[in-house]
4 protein chains.
Amino acid sequence: MAKLQKSIDKRNALVKATIDLVNNNGFHATPMSKIAKMANVSPATIYLYFENKQDLVNQTYIDVKTEYTKYAFNGYDANAPVKEAFQYIWNRIADFKLKQCEHALFLAQCDNTPMIDEASRQEGIKHLQPLLDLWAKGKAEGVIKPYSDYILYAYAINPLAFLMLAQKRGAITLDDTLIKNAFEAAWNSIKK
Amino acid sequence: MAKLQKSIDKRNALVKATIDLVNNNGFHATPMSKIAKMANVSPATIYLYFENKQDLVNQTYIDVKTEYTKYAFNGYDANAPVKEAFQYIWNRIADFKLKQCEHALFLAQCDNTPMIDEASRQEGIKHLQPLLDLWAKGKAEGVIKPYSDYILYAYAINPLAFLMLAQKRGAITLDDTLIKNAFEAAWNSIKK
Amino acid sequence: MAKLQKSIDKRNALVKATIDLVNNNGFHATPMSKIAKMANVSPATIYLYFENKQDLVNQTYIDVKTEYTKYAFNGYDANAPVKEAFQYIWNRIADFKLKQCEHALFLAQCDNTPMIDEASRQEGIKHLQPLLDLWAKGKAEGVIKPYSDYILYAYAINPLAFLMLAQKRGAITLDDTLIKNAFEAAWNSIKK
Amino acid sequence: MAKLQKSIDKRNALVKATIDLVNNNGFHATPMSKIAKMANVSPATIYLYFENKQDLVNQTYIDVKTEYTKYAFNGYDANAPVKEAFQYIWNRIADFKLKQCEHALFLAQCDNTPMIDEASRQEGIKHLQPLLDLWAKGKAEGVIKPYSDYILYAYAINPLAFLMLAQKRGAITLDDTLIKNAFEAAWNSIKK
DNA sequence: TATGAATGAGCGTTCATTCAT
DNA sequence: TATGAATGAACGCTCATTCAT
C-alpha cells in the first residue's frame with residue numbers, strides 16, 4: 001500500500017545524500033551513482049523523483065532554504081519590540097547553523113557558487129520577508145540604521161555562515177561566549 | 001631569459017584563465033582543455049607548469065590570496081592609531097573587492113567550497129598577520145572588543161564578500177554611500 | 001467476454017502505437033515506455049501481450065504484412081485474364097500504399113532493416129502466393145516474361161514502396177497521372 | 001610525422017566499422033563502443049573525428065553515397081546515345097551493388113529509415129544530376145517516357161536495391177542472366 | 001619546452017524488463 | 001488482468017591525463 005506511491009522517504013533520502021556528498025565534494029564531484037548508493041536506491045530511481053541532476057540540487061536547495069527560514073521564524077512574534085524580535089530571529093538562525101550544521105554548510109556552498117539556478121535562488125529568498133519587515137519597522141522607529149537591507153543582512157546575519165564554516169573546519173567552537181559576542185557584534189553593527 | 005619570460009607569461013595566462021572559468025562555471029565544470037584554450041596553449045602544456053588540476057587551482061588560490069593581502073596592506077602604517085589603521089586596511093580590502101572583483105569572487109568560491117586543499121588554505125591565511133596584530137593592539141588599548149579573531153573577521157571583513165557577490169549578481173551597486181555605511185557597520189560591530 | 005474484447009483492444013492499441021512510433025523514430029529509438037503511453041497502458045502491461053520488444057515488433061510486422069496481402073487480394077478473381085488480374089492486384093497494392101501509408105511505411109522500414117526476425121520475415125511472405133501463381137500462369141501463357149519472381153516483384157511491385165516514401169517525404173504527390181504512369185512502367189517491365 | 005596529423009586511416013576505419021555494424025544491427029543497436037573496438041581505437045577517439053554519433057553516421061552516409069555516384073558515372077560519356085548511355089550507368093550501378101554490396105546495403109538502410117539527417121540526405125542526392133540530365137535528353141528525343149524523374153528512378157534504378165537485398169538474404173544469386181533480365185525490365189519500364 | 005592526438009575511466013541518463021501489489 | 005515503482009545494464013559522451021614527436 002505504502003509501496004504503491006512514490007515514497008516520500010526515498011525522496012528525502014536522496015535529498016539527504018545530496019547534501020552530504022555535495023558538502024564534502026562539491027556539486028560536480030558528486031556523481032549521481034554515489035548519491036543513489038548512499039540513498040540505497042538504483043541510479044535510475046533518482047530520475048523518478050527528479051528530472052535531472054540540476055533539478056535534484058535545485059530542489060534540495062529550496063528544501064533546505066525553506067527549512068532554514070521556517071526554523072528562523074518559528075515562534076517569532078512580529079509584534080515584539082524590534083531588538084527583542086531581532087534577537088529572537090538571530091538566535092533561531094544561530095541555532096540552526098549550529099544544530100543543522102550540515103544544512104547550513106550546504107546553503108553556504110550554494111550561495112557562493114554557480115551551482116544553483118537563478119530561479120531557485122530567487123525561490124529560496126522569498127521566505128525572508130518577515131526579517132525585512134522587521135528591519136523596515138526598526139528603521140521607522142529609529143532603532144536600526146537606515147542601511148540597505150543587503151548591508152543589514154551582510155553584517156547582522158551573514159557572518160554566522162563564516163563562523164559556522166570556521167567551526168566546521170575545526171578552527172573555533174561556537175560556545176555560549178562566542179555566540180553572545182557574535183550577537184553583540186551583529187546588533188552593534190546595525191543598531192542606531 | 002626570453003624563454004623564461006615567455007614561460008612566466010604562460011603560467012600567468014593559465015592562472016588568469018582558471019580564475020575566469022572557475023568563476024563562471026565552478027571548479028569541476030571547468031575542463032583543463034578550456035583553460036588551455038583560453039590561455040592559448042595546448043592541454044599538455046599545463047602539465048609543464050602544474051602537477052595536475054588540483055595543483056593548478058591550489059596555486060591559483062594562493063596567488064590570488066597573496067595578491068589580496070599584498071593589496072590590503074600596501075602602504076599600511078602599523079604605527080597609526082588603531083581605528084585609523086583599521087580603516088586604512090578596510091578601505092584597501094573594499095577597494096580590492098570592487099576593482100579586482102573577479103579575484104574576490106574567486107576567493108569567495110574557494111573559501112566556501114571543498115575545492116582547495118587544506119594546506120593551500122592555510123598557506124593563503126598566513127599573510128593576514130598584520131591585521132591580527134592590529135586587532136591585538138586594539139584589544140590591548142581597549143579600542144576593540146576582546147572577541148575571538150574569527151568573530152572580528154566575520155563581522156569586520158567578511159561581509160564585504162557578501163556585498164561584492166550581491167553586486168556581481170546585480171542586486172546592489174557598491175557606491176560611496178553603501179561603502180561608507182558598510183564601514184560604519186563594520187567598525188561598530190567590533191569597536192569597544 | 002467483455003474482458004476478452006478489452007484485451008484485444010489493448011493489443012491493437014499497442015500494435016498501432018508501435019507502428020506510429022517506429023515509423024517516426026525507428027525501432028531502437030522507440031522505447032517501450034512511449035509505446036505504453038501512446039497505447040494508454042502501463043509498460044508492464046505490454047508484457048502480458050508480448051514476450052518482449054522483439055516479439056512485439058515481430059507480431060506487429062506480421063499483422064501489418066497480413067493486412068497488406070489481405071487488402072491486395074481482396075475481391076481478386078484468379079480466373080480473370082492475366083493482365084487484368086495483375087492490374088487489379090497492382091491497383092489494390094497501390095491503393096494500400098496510398099491509403100494505409102503509415103502501414104506501408106512500416107513495412108518498408110522493416111524490410112530494409114535488421115529489425116525483424118528472419119522467421120517473421122518468412123511468415124510475412126507466405127500470403128503473396130496468389131501473385132506468384134498469377135505470374136506462373138502469365139509466364140505459361142507467354143504474357144509475362146520468364147523472369148525470376150524476385151525480378152518480377154522488384155520491378156512490378158516494389159517501386160511503389162519507393163514512390164510512397166518519396167511522397168511521405170514531400171517530394172511528389174501520387175495523383176492519378178503518376179499512378180497511371182507507374183502502372184504503365186510496371187507492366188511494361190514484366191510484360192512479354 | 002604521419003602521427004602528428006589526425007590520421008585519415010583512422011577516420012576510414014571508423015566509417016568502415018560503422019557501415020559493418022549498422023548493416024548487421026541497425027543504427028541504434030550499434031554502440032559507439034563497438035564501433036571504436038572494431039576500428040581499434042578508444043571510444044573517445046571517435047569524437048576527434050566526428051562531432052557525435054549522428055554526425056558519424058551522416059558523414060558515413062555521404063561518403064558512401066558519394067562513392068556510389070562516383071562509381072556510377074565513372075567513365076560515363078554523356079554524349080553517347082541515350083539507351084547506350086543509360087545502359088552504361090545502369091551497369092555501373094548494378095556492378096556497385098554487387099561488388100560493394102555492404103555499401104549498397106548501408107544506403108538501402110539509410111534511405112528507408114529515419115536515421116539520417118534530412119540535410120545529409122539532400123547532400124547525398126546531389127551527384128545524381130548526370131542521370132537526370134540523361135533522362136531529360138531521352139525525353140526530349142522521344143526515347144524515354146515523359147514520366148516524373150521519381151518514377152524513372154523507382155523503376156529503372158531502385159529495383160536493384162531490392163535485388164541486392166534479396167541476394168544478401170540468400171534468396172537469389174545475381175548471376176549474368178538475372179542481371180540481363182533486370183536490365184531488360186528496367187529499360188522496358190521507361191523506354192518509349 | 002611545447003604540442004595535438006589519443007585514451008581509460010567515469011559521468012549523467014535511458015530503457016527493457018521485473019517486482020510488489 | 002493490470003499497474004506504477006524500481007532497477008541493472010548499457011549508452012553517448014567528456015575529461016584529466018599521457019604519449020609520440
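Just so it is clear, the structure is predicted and the values come from calculations on it, not from any experiment. Numbered from 1 within each chain, the chains take letters A, B, ... in sequence-line order.
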**Message:** How many whole angstroms separate atom CG of A:D9 from atom C1' of F:dA5?
**Reply:** 14 Å
**Message:** Measure OH/A:Y49 against P/F:dG4 and give the value in whole Å, please.
**Reply:** 14 Å
**Prompt:** Do the side-chain N and O atoms of B:D111 and B:Y61 include a donor-acceptor pair separated by under 3.5 angstrom?
**Reply:** yes
**Item:** Check: B:Q59/B:D55 side-chain N/O donor and acceptor closer than 3.5 Å
**Value:** yes
**Request:** Take the protein atom CG of A:L14 and the nucleotide atom C1' of E:dG12, then report the distance between them rounded to whole Å.
**Result:** 15 Å
**Message:** Using 0.5 Å steps for rounding, measure from the CD atom of C:E102 to the CD atom of C:Q100.
**Reply:** 10.0 Å
**Request:** Could you check how far CG of A:L48 sits from P of E:dC19, rounded to whole Å?
**Result:** 17 Å
**Message:** Side chain of C:A44 only, heavy atoms from C-beta on: which candidate in F:dA16, F:dT3, E:dT7 is closest?
**Reply:** F:dT3
**Message:** With a 4.0 Å limit, can you tell me whether D:K10 has a side-chain N or O closer than that to the phosphate oxygens OP1/OP2 of E:dA6?
**Reply:** yes
**Prompt:** Is there a Watson-Crick or G-U wobble partner for F:dA9 with both distances under 3.5 Å, and which nucleotide is it?
**Reply:** E:dT14
**Message:** On the nucleotide E:dT3, are OP1 or OP2 found under 4.0 Å from the side-chain N or O atoms that B:T45 carries?
**Reply:** yes
**Under 3.5 Å: donor-acceptor pair, side chain of C:N52, backbone of C:Q54** = yes
**Prompt:** Choosing from F:dT18, E:dT13, F:dT17, which nucleotide comes nearest the side chain of B:K53?
**Reply:** F:dT17
